[in-house]
Trainee: 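Sharing a structure below in structure tokens format, with a few things to ask.
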Amino acid sequence: MTKFKFIFLIIIIGFVSGFAGLFFSKSLPLSLNNPQTEIFFKSNSKDINDNNVSLSQYKNRWLLVNFWATWCAPCREEIPELNELANTNKKIQLVGIAIDEIESVKQFLNKTPIHYDSLISNDINGVEISKSLGNEKGVLPFTVLITPNGEIQEVFYGKLDVDSLNMYLVKIIK
């Protein structure tokens, strides 16, 4: 094989590889192995009936995840406002994750219903999931906004100002 043919063959292989990479990168879901949210989407939580729920079911959509606990006063205060947000903003999936015991959450829900997906993670698992999403301070409530491609758009420490959050969401979610 001449030197010219060898260089030409290398160039052709490079083009084919490049086009194959472009094709496959466009056809794969964007949230595949996003390091910002990988731990979250690989985790499980419990529902109020103690059934396992895979958090991977929330991939590929706008997601607002709110970590809370029944013993946390600001957490309890923001739930009615989050209920309103969940009822009025259908472009976003709202998920509450209680870092608490199931029985405590059941008792709480008898008095204060939650109108969005409500899950429970034990203290260790819930704290680890929360930390993986940016809650290095260990604050509750802690809320994180995740884009459909699995990137963290924004984190919120403490009680949400739901009116301000709504204005923010209208601007970024088209």
Side-chain angles (χ1 to χ4, degrees), residues 31 34-148 150-173:
S31 63
N34 189 314
Q36 287 187 299
T37 54
E38 186 172 3
I39 291 172
F40 175 82
F41 287 122
K42 286 185 175 183
S43 297
N44 290 314
S45 285
K46 300 276 186 178
D47 66 14
I48 197 69
N49 298 314
D50 204 25
N51 298 313
N52 279 325
V53 175
S54 172
L55 299 179
S56 66
Q57 74 181 9
Y58 296 108
K59 281 185 171 183
N60 301 318
R61 61 179 110 173
W62 281 100
L63 183 62
L64 188 68
V65 183
N66 175 256
F67 292 89
W68 69 285
T70 59
W71 46 264
C72 167
C75 300
R76 294 189 311 264
E77 291 169 8
E78 72 182 0
I79 288 174
E81 293 180 69
L82 289 173
N83 280 338
E84 185 179 327
L85 175 70
N87 289 333
T88 59
N89 192 332
K90 301 299 180 188
K91 292 182 179 180
I92 193 162
Q93 172 72 52
L94 181 55
V95 178
I97 299 180
I99 301 176
D100 218 322
E101 299 298 322
I102 288 178
E103 287 307 314
S104 299
V105 175
K106 281 183 180 181
Q107 289 174 8
F108 177 81
L109 292 177
N110 285 333
K111 298 174 190 165
T112 307
I114 293 180
H115 302 158
Y116 46 91
D117 290 3
S118 181
L119 304 173
I120 302 148
S121 283
N122 65 31
D123 291 343
I124 296 168
N125 187 44
V127 169
E128 287 305 312
I129 295 170
S130 173
K131 280 186 176 182
S132 77
L133 295 174
N135 191 5
E136 294 301 323
K137 299 175 183 180
V139 171
L140 286 181
F142 171 74
T143 307
V144 61
L145 179 62
I146 301 172
T147 67
E151 294 176 358
I152 295 173
Q153 174 75 32
E154 193 71 54
V155 296
F156 306 93
Y157 296 99
K159 185 176 180 258
L160 289 169
D161 176 347
V162 177
D163 291 334
S164 296
L165 176 62
N166 248 330
M167 290 189 310
Y168 176 73
L169 293 174
V170 167
K171 289 179 187 175
I172 63 164
I173 300 175

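Quick note: numbers below take in every heavy atom, side chains included, and nothing from hydrogens, waters or symmetry partners. Along the sequence shown, residues are numbered consecutively beginning with 1. Small disclaimer: the values here were computed from a predicted structure and weren't measured.
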Trainee: Counting only N and O atoms by type, is there a donor-acceptor contact under 3.5 Å from the side chain of Arg76 to the main-chain atoms of Thr70?
Mentor: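 Yes: the side chain of Arg76 pairs with the backbone of Thr70.
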
Trainee: Tell me, yes or no, whether the heavy-atom count around Lys111 atom NZ, taken from other residues, nucleotides or ligands under 6.0 Å, exceeds 12.
Mentor: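 No.
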
Trainee: Step through the shown structure and confirm whether more than 12 heavy atoms of other residues, nucleotides or ligands are within 6.0 Å of CD on Glu84.
Mentor: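 For Glu84, atom CD is not crowded (no more than 12 foreign heavy atoms under 6.0 Å).
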
Trainee: State the CG-CG distance between Asn60 and Leu63, to the nearest 0.5 angstrom.
Mentor: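 Spacing of CG (Asn60) from CG (Leu63) equals 11.0 Å.
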
Trainee: Tyr168: which residues meet the side-chain hydrogen bond (donor to acceptor under 3.5 Å, both in side chains) condition with it, sequence neighbours left out?
Mentor: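 side-chain hydrogen bond (donor to acceptor under 3.5 Å, both in side chains) check on Tyr168 returns Gln153, Glu154.
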
Trainee: Would you give the length of the straight line joining atom CH2 of Trp62 to atom CD1 of Ile173, rounded to the nearest 0.5 angstrom?
Mentor: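 So the gap between those two atoms works out to 5.0 Å.
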
Trainee: Nearest heavy-atom pair of Leu64 and Leu165: which atoms, and what distance?
Mentor: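 Closest approach of Leu64 to Leu165: CD2-CD2, 3.8 Å.
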
Trainee: According to ring pair (Phe, Tyr, Trp, His ring centres under 6.0 Å), does anything in residues 68-121 pair up with another residue at least two apart or in another chain? List the pairs.
Mentor: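 Qualifying pairs, neighbours excluded: Trp68-Phe108.
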
Trainee: For the CG atom of Asn110 and the CD atom of Gln107, what is their distance to the nearest 0.5 Å?
Mentor: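 That separation rounds to 7.5 Å.
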
Trainee: CD1 of Ile102 to CG of Asn49: how many Å apart, nearest 0.5 Å?
Mentor: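 If I round to the nearest 0.5 Å, the distance is 8.5 Å.
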
Trainee: If you round to the nearest 0.5 Å, how far is CD1 of Ile97 from CG of Asn125?
Mentor: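 Going from CG on Asn125 over to CD1 on Ile97, the span is 9.0 Å.
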
Trainee: Keeping Lys90 on the side-chain end and Ala86 on the backbone end, is there a donor-acceptor pair under 3.5 Å?
Mentor: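 Yes; at least one donor-acceptor contact below 3.5 Å.
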
Trainee: How about Val53 and Asn44: do any of their side-chain heavy atoms sit closer than 4.5 Å?
Mentor: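 A side-chain contact is absent here, since even the closest heavy-atom pair is not under 4.5 Å.
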
Trainee: How many angstroms lie between CD1 in Ile99 and CG in Leu119, if you round to the nearest 0.5 Å?
Mentor: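 So the gap between those two atoms works out to 12.0 Å.
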
Trainee: What closest approach, in Å, do Asn135 and Tyr157 show between heavy atoms, and which atom pair accounts for it?
Mentor: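 Looks like OD1-CE2, 3.7 Å.
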
Trainee: What are the two closest heavy atoms between Pro141 and Val139, and how far apart are they?
Mentor: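 Between these two residues, the closest heavy atoms are O-CG1, 3.6 Å.
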
Trainee: Would you say the side chains of Asn52 and Lys46 form a donor-acceptor pair under 3.5 Å?
Mentor: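 There is such a pair between these side chains.
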
Trainee: If we ignore angles and hydrogens, is there a donor and acceptor under 3.5 Å between the side chains of Asn66 and Glu78?
Mentor: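 Yes, because at least one side-chain N or O of Asn66 sits under 3.5 Å from a partner of the opposite role on Glu78.
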
Trainee: Donor-acceptor check, side chain of Asn122 to backbone of Asp100, threshold 3.5 angstrom: yes or no?
Mentor: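 Not confirmed, Asn122 side chain does not pair with Asp100 backbone.
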
Trainee: Is Ser43 reaching over with its side chain to a backbone N or O of Ile39, donor-acceptor style, under 3.5 angstrom?
Mentor: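 Yes; at least one donor-acceptor contact below 3.5 Å.
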
Trainee: Any idea which heavy atoms bring Ile114 and Ser118 closest together, and the distance?
Mentor: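 In this case the closest contact between Ile114 and Ser118 is CD1-OG, 3.9 Å.
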
Trainee: Is Ile129 close to Phe67 at the side-chain level, that is, under 4.5 Å between some pair of heavy atoms?
Mentor: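 Yes, side chains in contact.
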
Trainee: Determine the minimum heavy-atom distance between Asp47 and Ile120, stating which atoms define it.
Mentor: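 Where Asp47 meets Ile120 most closely, the heavy atoms are O-CD1, 4.0 Å.
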
Trainee: Quiz question: by atom type and distance under 3.5 Å, do the side chains of Ser121 and Ser45 form a donor-acceptor pair?
Mentor: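 A pair is found: one side chain offers a donor N or O, the other an acceptor, under 3.5 Å apart.
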
Trainee: Could you go step by step and tell me if Ile92 and Leu169 meet the side-chain contact (heavy atoms from CB on, under 4.5 Å) rule?
Mentor: CA-CA 9 Å; Ile92 193 162; Leu169 293 174; 3.9 Å; yes

Trainee: Atom CD of residue position Glu101 - does it have more than 12 heavy atoms of other residues, nucleotides or ligands inside 6.0 Å?
Mentor: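 Open: at most 12 neighbouring heavy atoms sit under 6.0 Å from CD of Glu101.
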
Trainee: With the threshold set at 4.0 Å, does a side-chain nitrogen-carboxylate oxygen contact exist between Lys159 and Glu81?
Mentor: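 Looking at Lys159 and Glu81, the cut-off is met.
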
Trainee: Mind running side-chain contact (heavy atoms from CB on, under 4.5 Å) on Gln93 and Val95 for me, showing each step along the way?
Mentor: CA-CA 7 Å; Gln93 172 72 52; Val95 178; 4.0 Å; yes

Trainee: Find out whether Val155 and Phe142 are in side-chain contact, i.e. whether some heavy atom of one side chain is under 4.5 Å from a heavy atom of the other.
Mentor: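 In short, these two side chains touch, coming nearer than 4.5 Å.
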
Trainee: How close do Leu82 and Leu94 get, counting heavy atoms only, and between which atoms?
Mentor: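 Closest pair (atom of Leu82, atom of Leu94, distance): O-CD2, 3.4 Å.
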
